[in-house]
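Structure first, then comments.
Bear in mind the structure is a predicted one, so any value in this text is a computation, not a measurement.
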Amino acid sequence: QVQLVESGGGSVQAGGSLRLSCAASGYTYNINCMGWFRQAPGKEREGVATIYTGGGSTYYADSVKGRFTISQDNAKNTVYLQMNSLKPEDTATYYCAAAGFGSLCAVNLPTDFAYWGQGTQVTVSS
């Protein structure tokens with residue numbers, strides 16, 4: 001089993017920045033990919049960014065490219081999401097997720113991710 005705990009959410013004005021953290025514990029050696037997804041009220045869950053934990057390759061949704069950056073600290077088993085130039089439409093609950101070997105690590109395939117955190121709220125006001 002893998003446990004994921006997110007932190008760093010909050011409220012910010014448009015144009016501001018936030019950094020989310022996701023700490024993984026448990027059988028982390030099984031993880032090959034980690035990602036961030038988000039879900040706004042009344043909307044489907046959508047992918048934000050993913051990262052291969054081995055090679056560090058990253059993938060982003062078009063809506064966040066150039067504004068968000070996913071990174072990792074393997075020594076701490078932690079993944080980060082730096083969010084800059086935030087917009088009101090970025091308001092959502094953000095979830096950290098992890099996938100095992102064989103995952104495509106695709107930002108548009110949440111079904112590939114077996115482990116999920118509890119979520120952290122991000123609210124961007126105009």
Side-chain angles (χ1 to χ4, degrees):
Q1 275 286 38
V2 173
Q3 293 80 42
L4 303 173
V5 178
E6 303 105 331
S7 60
S11 298
V12 65
Q13 288 192 327
S17 299
L18 284 173
R19 189 176 83 154
L20 306 182
S21 300
C22 173
S25 61
Y27 295 122
T28 57
Y29 54 83
N30 283 336
I31 296 173
N32 189 43
C33 172
M34 293 189 70
W36 289 96
F37 295 80
R38 66 187 182 186
Q39 188 167 19
K43 294 188 177 180
E44 292 187 355
R45 186 169 297 189
E46 64 172 345
V48 176
T50 59
I51 183 168
Y52 268 116
T53 56
S57 297
T58 57
Y59 307 91
Y60 296 91
D62 288 342
S63 58
V64 306
K65 281 180 182 177
R67 300 189 298 122
F68 291 10
T69 302
I70 188 170
S71 61
Q72 61 183 351
D73 184 335
N74 286 340
K76 296 181 179 180
N77 287 327
T78 299
V79 170
Y80 305 96
L81 185 68
Q82 177 66 44
M83 304 184 294
N84 298 328
S85 302
L86 282 161
K87 304 175 181 180
E89 51 264 43
D90 294 319
T91 295
T93 300
Y94 283 70
Y95 298 90
C96 175
F101 290 92
S103 166
L104 294 177
C105 209
V107 72
N108 61 346
L109 284 177
T111 54
D112 248 9
F113 292 77
Y115 307 102
W116 291 83
Q118 80 287 353
T120 185
Q121 179 66 35
V122 171
T123 302
V124 184
S125 58
S126 57

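Heavy-atom minimum distance, Ser17 versus Gln82: CB-NE2, 4.0 Å. Taking both residues in full, the closest heavy atoms of Ala92 and Gln39 are given as CB-O, 3.5 Å, listed atom of the first, atom of the second, then distance. Minimum heavy-atom separation, Tyr115 to Gln1: CE2-OE1, 3.2 Å. The shortest non-hydrogen separation linking Val122 to Met83 is CG2-CE, 3.9 Å. In terms of heavy atoms, Cys96 sits closest to Leu4 at O-CD1, 3.7 Å.
Not one N or O on the side chain of Thr78 forms a donor-acceptor pair closer than 3.5 Å with the backbone of Ala23. In this structure, Glu6 contributes its side chain and Gly119 its backbone to a donor-acceptor pair below 3.5 Å. Proximity of a side-chain donor or acceptor of Asp112 to a complementary backbone N or O of Ala106 within less than 3.5 Å is not detected. The backbone N or O of Ile70 sits less than 3.5 Å from a side-chain atom of Tyr60, completing a donor-acceptor pair.
For Glu89, the side-chain contact (heavy atoms from CB on, under 4.5 Å) criterion is met by Lys87, not counting sequence neighbours.
Sorted pairs that involve residues 37-77 and meet disulfide bond (SG atoms under 2.5 Å apart), not counting sequence neighbours, are lacking altogether.
Using a 4.5 Å cut-off between side-chain heavy atoms of Ile, Leu, Val, Met, Phe, Trp and Tyr, with links allowed through other members, Val64 and Tyr59 fall into different hydrophobic clusters. Hydrophobic clustering of Ile, Leu, Val, Met, Phe, Trp and Tyr side chains at less than 4.5 Å, counting indirect connections, unites Ile31 with Trp36. Both Met34 and Val48 are part of a single hydrophobic cluster, where members link through side-chain heavy atoms under 4.5 Å apart. The hydrophobic clustering, which links ILVMFWY residues whose side-chain heavy atoms are closer than 4.5 Å, places Val12 and Leu20 together.
By the 30° and 60° cut-offs, the orientation of the rings of Phe68 relative to Tyr94 is tilted. Between Trp116 and Phe37, the ring planes are tilted. Angles from 30° to 60° get that label.
Ring centroid separation for the pair Tyr29 and Tyr27 comes in under the 6.0 Å cut-off.
Taking the centre and axis of the six-membered ring of Tyr80, the NZ or CZ atom of Arg19 falls inside the cone set by 45° and 6.0 Å.
To the nearest 0.5 angstrom, Cys33 atom SG is 9.0 Å from Leu104 atom CG.
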